[in-house]
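To start, the structure itself, in C-alpha cells.
For ligands, and for the atoms within them, numbers begin at 1 and follow the listed sequence. Values in this document were obtained by computation on a predicted structure and should not be read as measured data.
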Amino acid sequence: MRHLMSPLDFTTDELTQLFDLAADIEKNPQKYAHKCDGKKLATCFYEPSTRTRLSFESAMINLGGQVIGFSDAGSSSASKGESVSDTIRVISCFADICAMRHPKEGAPMVAAAHSRIPVINAGDGGHQHPTQTLTDLLTIRSLKGRLDHFTIGLCGDLKFGRTVHSLIRALVRYEDIHFVFISPEELRVPDYITDMLKEMGISYEENTSLEDTIADLDLLYMTRVQKERFFNEEDYVRLKDFYILNKQKMELAKPDMLVLHPLPRVNEISVEVDDDPRAVYFKQVQYGVYVRMALILTLLDLA
Ligand code: CP
C-alpha cells in the first residue's frame with residue numbers, strides 16, 4: 001500500500017507516468033468513467049478548503065466512485081478530542097482511500113502510519129501540499145511541453161506558503177531550473193530550502209522587487225500572504241498587499257510567461273490580469289482534477 005505525503009514520494013519517472021495518465025484522462029474522460037465503481041474516497045479536512053477538497057471529490061465522482069467525509073474539524077469527533085490515529089483507523093473501515101488536510105505539520109503522516117487505506121496529504125500546516133504541486137507540474141508540462149530549462153519566479157509569502165515549499169522540492173529534480181524568490185524580508189523562503197539549493201548546486205536569487213525581476217521569468221508563481229499562519233494581525237495587515245500583479249507589471253513580462261497561482265487569491269493579482277492569455281490560474285484548477293484522478297487510480301492500483 002502506498003501513501004502520498006510529499007511530492008518526492010514519486011520518482012521523476014513515476015511522475016511522468018502519472019502526468020501521461022492525467023493527459024489521457026483529459027483527452028478520453030469516458031474511458032475512466034467507471035474505473036472506481038464501488039470505491040469510496042474519504043475527505044477528512046480539519047482546515048478550510050475549496051479547491052483541494054472539491055477537486056478530490058469531483059475526481060472520485062468522475063471515476064465512478066463515491067465520496068464521504070467532513071469539511072471541518074468542528075463537525076467531526078476531533079472536537080471531542082479524538083486523535084488523528086484513531087480517526088484514520090475508523091475511516092479505514094468506511095473508505096478505500098483518504099485525502100486529509102490538517103493544520104498540524106505531519107498529521108497526515110501520523111494517519112498514514114495507522115491506516116489500512118492509502119492516505120494523501122492534502123496540505124499539512126505550513127509544511128507540504130503535494131497534490132497542489134502535482135497540479136502545478138501538470139499545468140506547466142501541459143502548457144509549456146516540458147518541466148526543465150526554466151527561470152521561475154515565486155512571489156509573495158515564501159515563508160508560510162506550503163505550496164511554494166513543495167513546488168521547489170519537486171522542481172529541483174529537473175534540469176536547468178533557476179529560482180527567483182521574490183518576497184518581503186519577513187516572508188523569505190526558509191533557510192532549510194536555501195541550504196538544500198546550495199548543497200545541490202541549484203541556482204537561485206532573492207529579491208524584494210517584482211518589477212525588477214519579472215522580465216527574466218518564464219513562469220511566475222504568485223502566492224497569497226497566509227493570514228492563518230500569522231501570530232500578529234498587525235504584521236499581516238502590513239504585508240498583505242506588498243505585491244499586486246497588475247496590467248502594468250504584465251507589460252514588463254515575456255510574451256509567453258505563464259502566471260500560476262494555487263489560489264485562493266486575495267489582492268495579489270488584480271482581476272484585470274485574468275483576461276491576459278498568460279494568466280493560467282483557472283486552467284490550473286482544471287488540471288488539478290485530472291491529476292487527482294490519475295493519483296487516485298495509481299494509489300488504488302487501478303491505473
Ligand atoms: N490551492 C488550495 O489548496 O486551495 P484550497 O485551500 O481552496 O484547497
Side-chain angles (χ1 to χ4, degrees), residues 4-7 22 41-62 67 69-76 97-108 111 119-140 142-143 152 154-171 187 219-230 236 240 243 245 258-269 274 279-296:
L4 180 73
M5 293 295 121
S6 147
L41 164 77
T43 52
C44 299
F45 275 59
Y46 296 81
E47 233 190 16
S49 167
T50 297
R51 267 146 301 277
T52 311
R53 185 171 66 83
L54 296 180
S55 69
F56 263 116
E57 296 187 357
S58 175
M60 191 47 144
I61 291 165
N62 291 347
V67 177
F70 54 86
S71 58
D72 80 289
S75 68
S76 80
I97 186 165
C98 172
M100 178 178 286
R101 171 169 289 188
H102 202 287
K104 277 202 189 133
E105 301 184 357
V119 177
I120 300 165
N121 178 2
D124 60 330
H127 186 218
Q128 296 275 333
H129 193 345
T131 63
Q132 182 63 48
T133 300
L134 299 181
T135 301
D136 302 338
L137 295 180
L138 178 64
T139 305
I140 297 167
S142 301
L143 299 178
I152 177 166
L154 297 116
C155 177
D157 184 349
L158 308 187
K159 179 179 179 182
F160 295 117
R162 60 192 172 198
T163 61
V164 168
H165 304 160
S166 286
L167 183 58
I168 296 167
R169 288 165 84 110
L171 279 174
L187 298 178
L219 302 164
L220 171 59
Y221 194 87
M222 292 297 294
T223 64
R224 164 181 77 91
V225 175
Q226 304 274 303
K227 183 179 184 186
E228 63 276 32
R229 314 261 178 247
F230 274 73
Y236 170 71
K240 72 183 172 67
Y243 300 106
L245 181 64
L258 297 183
V259 184
L260 294 98
H261 191 310
L263 304 178
R265 149 178 69 182
V266 187
N267 286 327
E268 60 281 357
I269 301 179
D274 294 356
V280 297
Y281 29 89
F282 291 114
K283 278 188 192 163
Q284 202 176 336
V285 177
Q286 185 63 60
Y287 285 117
V289 179
Y290 301 137
V291 88
R292 289 183 175 99
M293 289 171 74
L295 179 64
I296 290 170

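Ligand 1 has no nitrogen or oxygen under 3.5 angstrom from a nitrogen or oxygen of Pro264. Among the atoms of Arg53, none of the N or O lies under 3.5 angstrom from an N or O of ligand 1.
Glu105 and Gly126 get closest at one heavy-atom pair: OE2-N, 3.3 Å.
Gln132 and Ser166 are not linked by any side-chain donor-acceptor pair at a separation below 3.5 angstrom, with hydrogens and angles left out of the test. Residues Asp124 and Gln128 have side chains that never bring a donor and an acceptor to within less than 3.5 angstrom of each other.
Residue contacts with ligand 1 include Arg101, since one of its heavy atoms falls under 4.0 Å from the ligand.
Side-chain N or O atoms of Thr131 include none that pairs as donor or acceptor with a backbone N or O of Ala122 at under 3.5 Å.
Taking every non-hydrogen atom of Thr50 and a distance limit under 4.0 Å, the qualifying atoms of ligand 1 come out as 5 (P), 7 (O), 8 (O). The ligand atoms of ligand 1 that sit less than 4.0 angstrom from a heavy atom of Thr52 are 2 (C), 3 (O), 4 (O), 5 (P), 8 (O). Residue-ligand proximity, Leu263 to ligand 1, at heavy-atom distances under 4.0 Å covers atoms 1 (N), 2 (C), 4 (O).
Here the protein heavy atom with the shortest distance to atom 4 (O) of ligand 1 is Arg51 NE, 3.0 Å.
Looking at His129, Gln132, Glu47 and measuring to atom 3 (O) of ligand 1, the nearest heavy atom belongs to His129.
Annotation: cation-pi pair Arg101/Phe45 absent, no NZ/CZ under 6.0 Å from the ring centroid and within 45° of its normal.
Screening Leu171, Leu220, Leu258 for a side chain to side chain contact (heavy atoms under 4.5 Å, CB included) involving Ile152 leaves a single residue, Leu171.
Between Asn121 and Arg162 there is no side-chain heavy-atom pair separated by less than 4.5 Å.
At a heavy-atom cutoff of 4.0 Å, ligand 1 is contacted by no atom of Thr163, backbone or side chain.
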